[in-house]
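In this text, all values refer to a predicted model and were calculated from it rather than measured experimentally. Residue indices begin at 1 and follow the sequence shown.
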Amino acid sequence: MAEIPITFHKHWMDGLKERMEKDGPWHHPELFHLAWEAEEVQAVKDFHELQCLRYLPGLTPLPHQMETANRVITEMHGRALLADEVGLGKTIEAGLVLKEYMTRGLVKKVLILVPASLVVQWVRELNSKFSIPAVGQKKEYMWTSYDVVVASVDTAKRPPHRDIILNQAYDLLIVDEAHKLKNRKTKNYQFIQEIKKKYLLLLTATPVQNEIEELYNLITLLKPGHLGQSSEFLQSYVKGKREVKNNDNLRKELKKVMVRNRRADGQVEFTTRHVITVPIELTTAERGLYDELSQFIRNQYQKEDGEYKQNPLALITLQREICSSRAAVYNTLVNMHNRVAETSPLRGEIRTLVEKLKTIENHSKAEKVMELLKESDDKWIIFTEYRATQEYLQYILSQNKITSVLFRGGFKRSKKDWMSQLFEDRVQVLIATEAGGEGINLQFCNRLINYDMPWNPMRVEQRIGRIHRLGQKKDCYIYNLSTANTIEEQILRLLYEKINLFEMVIGELDAIIDRFQLERSIEKNLIDIILKSDTEKEQQLKFDNMSMVLQMMKDNQSQDDIREVVLP
């Protein structure tokens, strides 16, 4: 057996003798205390506590946000659906999870996919609040050169970006506005599914919008097989599109992967929301035009040889547009005129309406907006459904020396960011279409005008959530404009007053409608009421009957019952 040479190093003995002769330097207590304090700072006293908070001196998370982050890490192992109601800080919760994993050395490579209008906002918050060096993706090389990249889903899924992303492995993937992934047959869903990721966070305030199966699709992205195969899930839990069975079992399974904090839980104190209906009386000329247009719509609804003369939905859009602005209805009438055959008598009817439209000098609704804006020098947001109205309002504001900017879906990301910054720093009014109702945070503003009211109540809540959210220090004032004796007033009274929309929980309306057993969408039923009524009185009676039934359905089930049906 070969001998292994063993040697002893004795250099340390010289140092020891020297310290013994000089009696030091171990006798200096300050050195000992400094070493002790350094170890104490780095020590993890409780593995279940968030260690990242010591590195976030400029951020004080709310208790529900810290609890959510803790649950995601310790119970859900980094794969979770964050489904807080609008304005409760899902972005902060996701930032805490990300920072905690980075602090523990478990995450380095991160991809955050958001709507294009939110890229800069996410980058700004991660940098300023969490000291995370995130960048917004602009060039192809950035996918591989930076560890934390924020990008729009639409950009990421297109070549060549798609291949670059799919060829990398990410420690954490975050997807904001994840309800857009509700359909597993879409390219977005399949793209997210293919990305290699260790941890995954999905953020949405509305995990269920139309059908319970949408929630199943989101959970399957997080943990495939958690709720079984699709057929098993439908058989075990689904009773109707928005009704479930075996509630207790489903709720138990969802708690393993989903966190939903609600305003009603009382964990967060919000400022007061004041909802004000602003009635508007039309001038004689405006009323005459509205009545003529309404009669034109009813005439076009009549069938010829079993076919409608015009698309019923397009006809109702005309009636809604005339309540919005002359500009909006003018564009639609001209387009309708150009599509009709030259020999058709319909062209003459449309031309008559256009000519009468040109004679209208006043616009009562826009004038009411001017009255409201002059009540306060605060910043205002005006939401409209139509781009033509948006541009018309900006023109009217400029005539009255009121500064404004536009915000809509057709703008590129950089322009949207520029418009938001101009609104905060320089101008008084932001005029937005529906693209401004999702994602962006505008807590520095506390006054909002719903110039046109959507038929989908969820869109109203998204609009209000832009200002009535965490960080808002003032009471919020919501003004709903309602043109008297028009379709606008009827819809407002039916959907927003009779069933107390502004006091309801997200999803509650869908549950009521489902219990009411409406076979078609509520929009289709409203259209039928409007088009199939021979007189205004008959139409009013049908609206009253529908509102009474909806109110009765609401009164017959408690909020807890509704939440169990819609979102366990």
Side-chain angles (χ1 to χ4, degrees), residues 50-53 55-56 58-59 61 65-66 68-74 76-82 89-158 160-178 180-181 188-189 191-204 218 221-223 257 259 413 439:
L50 295 179
Q51 307 303 316
C52 67
L53 296 179
Y55 305 111
L56 301 174
L59 178 68
Q65 294 169 338
M66 292 189 288
T68 295
N70 215 329
R71 281 191 60 196
V72 169
I73 293 170
T74 60
M76 302 177 184
H77 309 295
R79 285 181 169 257
L81 174 61
L82 304 183
K90 293 183 291 295
T91 306
I92 297 296
E93 293 168 354
L96 284 173
V97 173
L98 170 56
K99 186 69 174 181
E100 183 67 17
Y101 273 134
M102 295 179 83
T103 300
R104 298 187 182 196
L106 297 175
V107 162
K108 182 181 180 184
K109 190 73 174 175
V110 182
L111 177 61
I112 303 171
L113 298 178
V114 304
S117 60
L118 302 184
V119 171
V120 172
Q121 180 177 300
W122 266 87
V123 171
R124 186 183 299 124
E125 291 208 6
L126 290 176
N127 279 272
S128 62
K129 295 181 179 179
F130 297 95
S131 299
I132 294 174
V135 297
Q137 189 276 334
K138 294 181 180 179
K139 301 293 183 179
E140 186 178 322
Y141 74 89
M142 300 179 75
W143 297 115
T144 54
S145 299
Y146 293 90
D147 287 331
V148 183
V149 177
V150 184
S152 73
V153 180
D154 291 334
T155 298
K157 71 180 181 182
R158 292 197 303 263
H161 312 294
R162 173 188 173 88
D163 292 335
I164 298 173
I165 292 171
L166 295 182
N167 285 331
Q168 298 186 86
Y170 292 93
D171 298 314
L172 173 62
L173 172 63
I174 299 175
V175 183
D176 198 5
E177 304 297 342
K180 296 180 179 179
L181 304 174
N188 282 8
Y189 186 97
F191 173 58
I192 299 300
Q193 198 170 35
E194 290 179 37
I195 296 176
K196 295 186 282 288
K197 62 274 185 187
K198 180 167 61 174
Y199 304 121
L200 174 62
L201 297 180
L202 302 179
L203 282 60
T204 176
L218 292 178
L221 265 183
L222 288 169
K223 291 189 175 182
V257 290
V259 181
R413 182 209 306 172

Shortest non-hydrogen separation from [X] to [Y] and the atoms involved:
X    : Y    : answer
H161 : W143 : ND1-NE1, 2.9 Å
A169 : K109 : O-CG, 3.8 Å
A134 : V123 : O-CG1, 3.6 Å
M142 : G136 : CE-O, 3.3 Å
P115 : S152 : C-CB, 4.4 Å
T204 : A178 : CB-N, 3.9 Å

Point-to-point distance, once rounded to the nearest 0.5 Å, from [atom1] of [X] to [atom2] of [Y]:
X    : Y    : atom1 : atom2 : value
L50  : E100 : CG    : CD    : 5.0 Å
I92  : Q65  : CD1   : CD    : 6.0 Å
R71  : E93  : CZ    : CD    : 10.5 Å
W122 : I132 : CH2   : CD1   : 9.5 Å
I174 : L201 : CD1   : CG    : 5.0 Å
K90  : T68  : NZ    : OG1   : 11.0 Å

Set of ring-ring contact (aromatic ring centres under 6.0 Å, His included) partners for Y189, sequence neighbours left out: none
[Y] and [X], any side-chain heavy atoms less than 4.5 Å apart:
X    : Y    : result
I195 : L113 : yes
R79  : K197 : yes
V259 : M76  : yes
N127 : R124 : no
L53  : L96  : yes
D176 : I112 : no
T155 : V119 : no
P160 : D163 : no

Quick check: does any side chain N or O of [X] sit under 3.5 Å from a backbone N or O of [Y], one acting as donor and the other as acceptor?
X    : Y    : value
D171 : V110 : no
D147 : K108 : no
K196 : L166 : yes
K99  : F130 : yes

Verdict with reasoning, V135 to V148, per side-chain contact (heavy atoms from CB on, under 4.5 Å): CA-CA 6 Å; V135 297; V148 183; over 6 Å; no
Parallel, tilted or perpendicular, as decided by the 30° and 60° cut-offs, for the rings of Y199 and Y101: parallel
CA sep, side-chain torsions, deciding dist, call: L81, V257, side-chain contact (heavy atoms from CB on, under 4.5 Å): CA-CA 6 Å; L81 174 61; V257 290; 5.8 Å; no
Criterion side-chain contact (heavy atoms from CB on, under 4.5 Å) on V114 and E177, from CA distance to verdict: CA-CA 7 Å; V114 304; E177 304 297 342; over 6 Å; no
Worked check of side-chain contact (heavy atoms from CB on, under 4.5 Å) between Q168 and L111: CA-CA 10 Å; Q168 298 186 86; L111 177 61; over 6 Å; no
